*Asks:* 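The structure that follows is given in the form of structure tokens.
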Amino acid sequence: MLTGFKNFIMKGNVVDLAVAVVMGAAFGAVVTSIVEGLLTPLIGLLFQAKGIEEMQWNGFLYGRVISSIISFVLIAAAIYFVVVLPMNHMIERRNRRLGINPDVKEESAEDPQIALLTEIRDSLRDRAV
């Protein structure tokens, strides 16, 4: 039982996922502080409010929604530009160095059963004529 658990934990995907979750939480805290400390007061000044989260209309706190959307967009953009884009460039460089061209699709080998069935169908069609 413990051996199976050890094998599961030692898989690269589990460790990578754990690191990603921890880094994501830390990065989320940084972006949240930027949103709450810089952007919220700036947008609040534009709308004559103490901050985004204080903005409301007839009791509806739409400022909190705007704040959450800004935070989400900033986190997504930062992850894209800091992690995804550089990783794609590294993969492209590695593929060029190895001579792998992802645009050229290899011709897939035809399934032998499909080829046989096609021959039988054509043969039967020729007999019927």
Side-chain angles (χ1 to χ4, degrees):
M1 180 188 297
L2 290 178
T3 305
F5 179 72
K6 178 184 168 192
N7 291 338
F8 172 74
I9 292 298
M10 297 308 289
K11 285 184 179 178
N13 295 344
V14 174
V15 174
D16 292 343
L17 182 60
V19 170
V21 167
V22 171
M23 293 289 289
F27 195 70
V30 170
V31 172
T32 300
S33 67
I34 290 171
V35 169
E36 291 176 357
L38 297 174
L39 296 178
T40 298
L42 287 174
I43 294 174
L45 286 174
L46 292 174
F47 293 99
Q48 287 80 33
K50 292 180 182 177
I52 295 176
E53 295 193 7
E54 301 296 322
M55 294 167 44
Q56 60 179 320
W57 176 73
N58 291 338
F60 294 103
L61 298 173
Y62 67 89
R64 291 184 182 177
V65 175
I66 293 172
S67 178
S68 297
I69 291 170
I70 290 171
S71 181
F72 172 77
V73 168
L74 286 177
I75 290 172
I79 288 174
Y80 177 76
F81 289 111
V82 173
V83 177
V84 174
L85 199 61
M87 183 65 77
N88 287 342
H89 287 298
M90 284 181 11
I91 290 171
E92 286 176 20
R93 280 197 312 260
R94 182 195 59 150
N95 287 345
R96 277 197 308 263
R97 189 183 60 217
L98 295 175
I100 300 171
N101 189 358
D103 295 333
V104 176
K105 294 182 181 178
E106 295 181 22
E107 293 183 25
S108 59
E110 187 176 9
D111 186 10
Q113 291 178 347
I114 300 292
L116 180 61
L117 289 171
T118 304
E119 286 180 31
I120 293 171
R121 181 200 64 200
D122 293 344
S123 175
L124 289 172
R125 185 183 310 149
D126 292 340
R127 282 187 191 174
V129 174

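Predicted model only: the values in this text are computed from it and were never measured.
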*Asks:* Going only through I, L, V, M, F, W and Y residues with side-chain contacts under 4.5 Å, is there a path from I120 to I114?
*Replies:*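 Unlinked, I120 and I114 end up in two clusters.
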*Asks:* Are any of the side-chain heavy atoms of L85 and H89 separated by less than 4.5 Å?
*Replies:* yes
*Asks:* Could you give the distance from CD1 (I66) to CG (L61), rounded to the nearest 0.5 Å?
*Replies:*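 CG of L61 is found 11.0 Å from CD1 of I66.
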*Asks:* Mind checking what makes side chain to side chain contact (heavy atoms under 4.5 Å, CB included) contact with R97, not counting sequence neighbours?
*Replies:*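 If we apply the side chain to side chain contact (heavy atoms under 4.5 Å, CB included) test to R97, skipping adjacent residues, the hits are R94.
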*Asks:* If you count heavy atoms of other groups shown closer than 6.0 angstrom to CZ of F72, is the number above 12?
*Replies:*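 Counting neighbours around CZ of F72, 12 or fewer heavy atoms of other residues, nucleotides or ligands fall under 6.0 Å, so no.
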*Asks:* Calculate, to the nearest 0.5 Å, the distance between atoms OH and CD1 belonging to Y62 and I69 respectively.
*Replies:*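 Answer rounded to 0.5 Å: 12.5 Å.
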*Asks:* Do the side chains of V84 and F81 join up, straight or via other hydrophobic residues, at under 4.5 Å, putting them in one cluster?
*Replies:*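 Hydrophobic grouping puts V84 with F81.
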*Asks:* Under a single-linkage rule joining Ile, Leu, Val, Met, Phe, Trp and Tyr whose side-chain heavy atoms are separated by less than 4.5 Å, which residues share a cluster with I91?
*Replies:* M87, M90
